[in-house]
Amino acid sequence: MRGKAIPKRVIEKDAVYGSLDVSKFINYIMIDGKKDIARKIVYGAIDELNNKTKSKGLDGFNKALDNIKPKVEVRSRRVGGSNFQVPTPVNPYRQFTLASRWLIEAARKARKNTNFDIALAQELISAFNKEGVAFKKREEVHRMAEANKAFAQFA
């Protein structure tokens, strides 16, 4: 590694739920520094999720993200002239980042003729119910890791 490691920025908890995860999720959604719009989108999606699933506060949001978080992923490793896809465990910070990225990506693709907060709420609801595009992405990553389990010795 070249140079110094970049220190992590301290992110403040969000005002409504007092959660660091919601604050990070708002930052991922934000485009061109328009944080107020991102807040309205996320809070609207969480409210819609709570209405549909009868969950309270952050419980539904956290459960939906936990259903999407990958536990293992494959990483390329070169051994003796061959590239192997080696399954490795995913650290919790990366789990949250990947889950958020997949969720937002799925909502943006589904957004063709709906508002983004509605598309995000629908994707959160489907993740809560262990279905949808983001959940399929997680299953695909786990399937890849399972298929390459024989190369775990190269980790």
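Residues take their numbers from the sequence shown, with the count starting at 1.
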For this session: Using a strict 4.0 Å threshold on nitrogen-to-oxygen distance, state whether Asp36 and Lys40 make a salt bridge.
Result: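 Yes, charged N to carboxylate O under 4.0 Å.
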
Exercise. Atom CD in Glu146, atom NE2 in His142: separation rounded to 0.5 Å?
Worked result: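 Between atom CD of Glu146 and atom NE2 of His142 there are 10.5 Å.
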
Exercise. Is there a donor-acceptor pair under 3.5 Å between the side chain of Glu73 and the backbone N or O of Val90?
Worked result: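 A pair under 3.5 Å: no.
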
Exercise. Is any side-chain heavy atom of Thr88 less than 4.5 Å from a side-chain heavy atom of Val72?
Worked result: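 No - every pair of side-chain heavy atoms lies 4.5 Å or more apart.
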
Exercise. How many angstroms lie between atom OH of Tyr28 and atom CZ of Arg101, to the nearest 0.5 angstrom?
Worked result: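 If we round to the nearest 0.5 Å, Tyr28:OH and Arg101:CZ are 7.5 Å apart.
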
Problem set entry | Test item: Lys137 and Leu98 side chains (from C-beta on) under 4.5 Å apart, heavy atoms |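 No; the side chains remain at least 4.5 Å from each other.
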
Exercise. To the nearest 0.5 Å, what is the distance between CG (Asn27) and CZ (Arg9)?
Worked result: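 Those atoms lie 7.0 Å apart.
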
Exercise. Any link between Ile37 and Val16 through a network of hydrophobic side chains (Ile, Leu, Val, Met, Phe, Trp, Tyr) touching at under 4.5 Å?
Worked result: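 Linked, Ile37 and Val16 end up in one cluster.
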
Problem set entry | Minimum heavy-atom distance Gly60-Leu49, with the two atoms named |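 Shortest heavy-atom separation between Gly60 and Leu49 comes out as C-CD2, 3.4 Å.
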
Exercise. Of the non-hydrogen atoms in Glu123 and Ser126, which two are nearest, and what is the gap between them?
Worked result: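 Residues Glu123 and Ser126, closest heavy atoms: O-OG, 2.9 Å.
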
Exercise. Looking at side-chain heavy atoms only, is the closest gap between Leu120 and Ile29 below 4.5 Å?
Worked result: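 Leu120 vs Ile29: side chains touch.
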
Exercise. Is it true that the NZ or CZ of Lys69 lies under 6.0 Å from the centre of Phe96's six-membered ring and within 45 degrees of the ring axis?
Worked result: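 Not flagged: Lys69 not positioned over aromatic ring of Phe96.
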
Problem set entry | Donor-acceptor under 3.5 Å (Asn50 side chain, Gly57 main chain) |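 Yes; judged by distance alone, with no hydrogens or angles, the pair exists.
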
For this session: For atom NZ of Lys52, decide whether the heavy atoms of other residues, nucleotides or ligands shown that lie under 6.0 angstrom number more than 12.
Result: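 Not more than 12 within 6.0 Å, no.
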
For this session: State, without any angle test, whether Asp14 and Tyr43 hold a side-chain donor-acceptor pair at a distance under 3.5 Å.
Result: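 Distance-only check passes for Asp14 and Tyr43.
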
Exercise. Are Ile118 and Ile26 in one and the same hydrophobic cluster, where Ile, Leu, Val, Met, Phe, Trp and Tyr link if side-chain heavy atoms are under 4.5 Å apart?
Worked result: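 Each belongs to a different hydrophobic cluster.
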
Problem set entry | Atom of Ala119, atom of Ala107 and distance for their closest heavy-atom approach |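 Closest heavy-atom pair between Ala119 and Ala107: CB-O, 3.6 Å.
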
Exercise. Tell me, do Ile46 and Tyr17 make a side-chain contact under 4.5 Å, heavy atoms counted?
Worked result: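 SC-SC contact between Ile46 and Tyr17 confirmed.
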
Problem set entry | Qualifying ring-ring contact (aromatic ring centres under 6.0 Å, His included) pairs with a residue from residues 59-83, counting only residues at least two apart or across chains |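 Those involving residues 59-83 are Phe25-Phe61.
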
Exercise. So, Asn148 side chain and Met144 main chain: donor-acceptor pair closer than 3.5 Å or not?
Worked result: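 Answer holds: yes.
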
Problem set entry | Student check: side-chain heavy atoms of Lys13 and Ser23 closer than 4.5 Å |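 A side-chain contact under 4.5 Å is absent here.
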
Problem set entry | Nearest heavy atoms of Ala64 and Leu124, plus distance in Å |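 Here Ala64 and Leu124 meet closest at CB-O, 3.6 Å.
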
Exercise. Does the side chain of Val22 reach to within under 4.5 Å of the side chain of Val42, using non-hydrogen atoms?
Worked result: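 Yes - at least one pair of side-chain heavy atoms lies under 4.5 Å apart.
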
Exercise. Would Arg78 and Phe84 count as a side-chain contact (heavy atoms from CB on, under 4.5 Å) if you check the C-alpha gap in whole Å, the side-chain angles of each, and the deciding distance to 0.1 Å?
Worked result: CA-CA 6 Å; Arg78 188 167 177 87; Phe84 294 106; over 6 Å; no

For this session: Kindly indicate whether the side chain of Ser100, heavy atoms from C-beta on, has any atom under 4.5 Å from the side chain of Trp102.
Result: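 Answer no - side chains too far apart.
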
Exercise. Cation over ring, Arg108 on Phe116, under 6.0 Å and within 45°?
Worked result: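 The answer is yes, since Arg108 meets both limits relative to Phe116.
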
Exercise. Between the side chains of Gln85 and Ser76, is a donor N or O closer than 3.5 angstrom to an acceptor N or O?
Worked result: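 Result is yes, a qualifying pair exists.
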
Problem set entry | Sidechain-backbone polar pair: Asn67 side chain, Phe128 backbone, donor-acceptor under 3.5 Å |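 Between the backbone of Phe128 and the side chain of Asn67 there is a qualifying donor-acceptor contact (under 3.5 Å).
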
Problem set entry | Note, Arg77 side chain near Val79 side chain (heavy atom, < 4.5 Å) |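 Side-chain contact under 4.5 Å: yes.
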
Problem set entry | Closest approach of Ile68 to Arg138 (non-hydrogen atoms, all atoms of both residues) |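 So the two residues come closest at O-CD, 3.2 Å.
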
Exercise. Counting N and O atoms only, with roles assigned by atom type, does the side chain of Gln95 sit under 3.5 Å from a partner on the main chain of Pro70, one being a donor and the other an acceptor?
Worked result: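 Checking the backbone N and O of Pro70 against the side chain of Gln95, a donor-acceptor pair under 3.5 Å is found.
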
Problem set entry | Distance in Å, Lys63 NZ paired with Asn129 CG, rounded so as to fall on 0.5 Å steps |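 Atom-to-atom, Lys63:NZ and Asn129:CG are 7.5 Å apart.
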
